[in-house]
Structure formats: C-alpha cells, structure tokens
A.B. asks: 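Attaching a single structure in structure tokens format; questions to follow.
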Amino acid sequence: KDGETTKSGSKIQEIKPVTFKDEQISLTQTCDKVIEDYAAPKYKQTHSEETVYLLHCTLDFSGDIGYSTTLSDSTSLQDKSSSSRKADEYGALLTDDLKDDGLEVFDSEDSGSTHVEGWISMATVSESTKLKPFSEGTTSIVYDREDAKSSQTGKEYPAYSDTQDLVLK
C-alpha cells in the first residue's frame with residue numbers, strides 16, 4: 001500500500017523487497033516498506049533532535065528456534081559512504097507511538113513465533129548521523145546478528161551478517 005499514511009501523518013513507502021537468509025537459525029527476513037522521518041509524537045517530546053525510521057519486515061523461521069526480541073536488534077540502516085550516518089534499533093522506546101498509530105510492533109508477545117511481521121523502529125541520534133533521503137539511493141539495510149545460543153537447547157549459532165541496498169519502488 002504505497003503512499004498510505006499513518007494516523008500521525010507519516011507516509012509509508014514501498015521499497016524493492018530485500019531478503020536476508022540467515023541459514024544458521026533458519027530465518028528468512030524480508031523487508032518491503034519504510035517510513036522515513038516517522039512522526040513519533042510521544043518519543044519526540046524528549047528526543048526532538050532525533051530522526052526516526054521504520055522498516056517493515058516479515059520474519060519466517062523454518063528450524064527449531066522462533067522469534068526472540070534480540071533479533072530485532074540485528075537490523076539497522078547505514079549510509080554506504082559514511083559509516084557515522086546510521087540508524088540503530090530503538091524498538092522499546094517507540095512502542096507506544098507505533099501502537100497509537102495502529103502499526104504492528106515486534107515485542108515479547110511474539111517470542112517463539114515462527115512467523116512474525118511488523119515494523120522495526122530505528123533512530124539516528126543527531127543531525128550529523130541522520131541518513132540522507134532514501135530517494136538518493138545511498139542507504140543500505142544491514143542485518144548483523146552476533147553469535148547466539150539457544151536458551152532452550154544450548155545449541156550455538158555462529159554470527160551472520162549481510163548488507164543490501166534500500167531502493168524505493
């Protein structure tokens with residue numbers, strides 16, 4: 001639904017779908033929509049200098065482990081030419097704004113699920129770290145998961161990382 005607007009007036013933009021296949025944990029993560037400069041009215045009351053970005057992703061697990069909230073931390077946005085320009089995951093701090101807006105969030109209620117869909121919220125902390133407009137094509141979506149160990153089985157999963165371009169449709 002390109003061009004759709006959230007209750008807070010933020011525009012949803014479609015991107016060329018990006019898929020990360022983390023074979024170690026049998027995860028396929030597909031991201032297909034973004035909100036650039038999300039309004040986040042509650043969060044902005046105390047973080048007015050920050051820029052908030054939302055990335056809509058679907059996570060499908062086909063192995064012996066399901067979703068855990070630490071996985072949302074694996075995804076970030078990064079400028080291709082300047083490593084200081086990046087948006088890191090700030091999910092918990094933005095949950096209220098997303099829920100008020102009717103946007104699906106990733107939270108502990110999803111733990112263990114094999115199919116999870118929602119918006120990963122990220123923020124840049126200052127003007128100097130803000131990403132360039134997505135229309136300029138300089139932004140990458142980074143998936144970077146550290147070594148993990150299953151709390152249920154004790155099995156270890158080596159780290160996995162992949163970077164793909166964010167391209168507006």
A.B. asks: Looking at every non-hydrogen atom in both residues, tell me the closest pair between Lys44 and Glu50 and how far apart they are.
C.D. replies: CE-O, 3.1 Å

A.B. asks: Can you sort out the partners of Asp22 under salt bridge (charged side-chain N to carboxylate O under 4.0 Å, His left out), two or more places apart, ordered by chain and number?
C.D. replies: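 Testing Asp22 for salt bridge (charged side-chain N to carboxylate O under 4.0 Å, His left out), a comparison that skips the adjacent residues, returns Arg145.
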
A.B. asks: Any pair with a residue in residues 131-140 that passes side chain to side chain donor-acceptor pair (under 3.5 Å), sequence neighbours left out, goes on the list, sorted by first then second residue, please.
C.D. replies: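 Counting only pairs at least two positions apart or across chains, the side chain to side chain donor-acceptor pair (under 3.5 Å) contacts touching residues 131-140 are Asp79-Thr138.
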
A.B. asks: What side-chain donor-acceptor pairs closer than 3.5 Å can you find for residues 23-30, not counting sequence neighbours?
C.D. replies:
from: Gln29; atom 1: NE2; to: Thr75; atom 2: OG1; distance (Å): 2.9
from: Thr30; atom 1: OG1; to: Thr19; atom 2: OG1; distance (Å): 3.4

A.B. asks: Going by disulfide (SG to SG under 2.5 Å), name the pairs with one or both residues in residues 118-169, residues two or more places apart or in two chains.
C.D. replies: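 The answer is none; no pair qualifies.
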
A.B. asks: Search all heavy atoms of Ile120 against all heavy atoms of Ser72 and return the closest pair with its distance.
C.D. replies: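 The pair with the smallest heavy-atom distance is CG2-O, 4.1 Å.
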
A.B. asks: Just distance, no hydrogens or angles: give the donor-acceptor pairs under 3.5 Å from side chains in residues 52-62, sequence neighbours left out.
C.D. replies:
from: Tyr53; atom 1: OH; to: Leu131; atom 2: N; distance (Å): 3.1
from: His56; atom 1: ND1; to: Asp32; atom 2: OD1; distance (Å): 2.8
from: His56; atom 1: NE2; to: Glu117; atom 2: OE2; distance (Å): 3.3
from: Asp60; atom 1: OD1; to: His115; atom 2: ND1; distance (Å): 2.5

A.B. asks: Who passes salt bridge (charged side-chain N to carboxylate O under 4.0 Å, His left out) against Lys155, sequence neighbours left out?
C.D. replies: none

A.B. asks: I'd like to check the salt bridge (charged side-chain N to carboxylate O under 4.0 Å, His left out) partners of Asp107; sequence neighbours left out, ordered by chain and number.
C.D. replies: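 Testing Asp107 for salt bridge (charged side-chain N to carboxylate O under 4.0 Å, His left out), a comparison that skips the adjacent residues, returns Lys99.
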
A.B. asks: Could you state the interatomic distance from CD1 (Ile35) to CH2 (Trp119), rounded to the nearest 0.5 Å?
C.D. replies: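 Reported value, rounded in 0.5 Å steps: 4.0 Å.
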
A.B. asks: Once side chain to side chain donor-acceptor pair (under 3.5 Å) is applied, do any residues pair with Asp101, and if so which ones, sequence neighbours excluded?
C.D. replies: Thr6, Ser8, Tyr38

A.B. asks: Does the side chain of Val142 come within less than 4.5 Å of Leu77's, by heavy atoms?
C.D. replies: no

A.B. asks: To the nearest 0.5 Å, what is the distance between CG (Leu93) and CG (Leu98)?
C.D. replies: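 Rounded to the nearest 0.5 Å, the CG-CG separation comes out at 11.5 Å.
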
A.B. asks: In chain order, what residues pass the ring-ring contact (aromatic ring centres under 6.0 Å, His included) check against Phe20, with sequence neighbours excluded?
C.D. replies: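 Result, ring-ring contact (aromatic ring centres under 6.0 Å, His included) vs Phe20: Tyr143.
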
A.B. asks: Taking all atoms of both residues into account, what is the closest heavy-atom pair of Thr69 and Tyr67, and its distance?
C.D. replies: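 Answer, listing the atom of Thr69 first, then Tyr67: CA-OH, 3.5 Å.
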
A.B. asks: Any idea which heavy atoms bring Cys31 and Ile15 closest together, and the distance?
C.D. replies: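 Taking every non-hydrogen atom into account, O-CD1, 3.8 Å.
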
A.B. asks: Indicate yes or no: at least one non-hydrogen side-chain atom of Pro17 is less than 4.5 angstrom from one of Lys169.
C.D. replies: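 They are in side-chain contact.
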
A.B. asks: Would you please name every residue forming a side chain to side chain donor-acceptor pair (under 3.5 Å) with Ser83, sequence neighbours left out?
C.D. replies: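 Counting only residues at least two positions away or on another chain, Ser83 forms no side chain to side chain donor-acceptor pair (under 3.5 Å).
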
A.B. asks: Working to the nearest 0.5 Å, report the span between NZ of Lys130 and CD of Glu49.
C.D. replies: 12.0 Å

A.B. asks: Find the distance between CD (Glu104) and CG (Asp110) and round it off to the nearest 0.5 Å.
C.D. replies: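 So the gap between those two atoms works out to 6.5 Å.
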
A.B. asks: Is Val105 linked to Ile12 within one hydrophobic cluster, defined over Ile, Leu, Val, Met, Phe, Trp and Tyr using a side-chain heavy-atom separation of less than 4.5 Å?
C.D. replies: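 As far as the 4.5 Å side-chain criterion goes, Ile12 and Val105 are connected within one cluster.
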
A.B. asks: Between Arg85 and Thr129, is there a donor-acceptor pair closer than 3.5 Å when you use the side chain of the first and the backbone of the second?
C.D. replies: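 Side chain of Arg85 to backbone of Thr129, a donor-acceptor pair under 3.5 Å: no, none is there.
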
A.B. asks: State which residues pass side chain to side chain donor-acceptor pair (under 3.5 Å) with Lys80; sequence neighbours excluded, sorted by chain then number.
C.D. replies: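 Lys80 satisfies side chain to side chain donor-acceptor pair (under 3.5 Å) with Asp165 only.
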
A.B. asks: I'd like to check the salt bridge (charged side-chain N to carboxylate O under 4.0 Å, His left out) partners of Lys86; sequence neighbours left out, ordered by chain and number.
C.D. replies: Asp88

A.B. asks: Might you confirm whether atom CD of Glu127 has over 12 heavy atoms from other residues, nucleotides or ligands at distances under 6.0 Å?
C.D. replies: no

A.B. asks: Nearest 0.5 Å please: distance from the OG1 atom of Thr163 over to the CG atom of Asp144.
C.D. replies: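 So the OG1 of Thr163 and the CG of Asp144 are separated by 7.5 Å.
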
A.B. asks: CD/Gln78 to OG/Ser84 distance, rounded to the nearest 0.5 angstrom?
C.D. replies: 8.5 Å

A.B. asks: Identify the two heavy atoms, one from Gly102 and one from Lys7, that lie closest to each other, and give their separation to 0.1 Å.
C.D. replies: N-NZ, 4.3 Å

A.B. asks: Restricting to non-hydrogen atoms, name the atom on Ala123 and the atom on Tyr43 that form the minimum distance, rounded to 0.1 Å.
C.D. replies: CB-OH, 4.3 Å

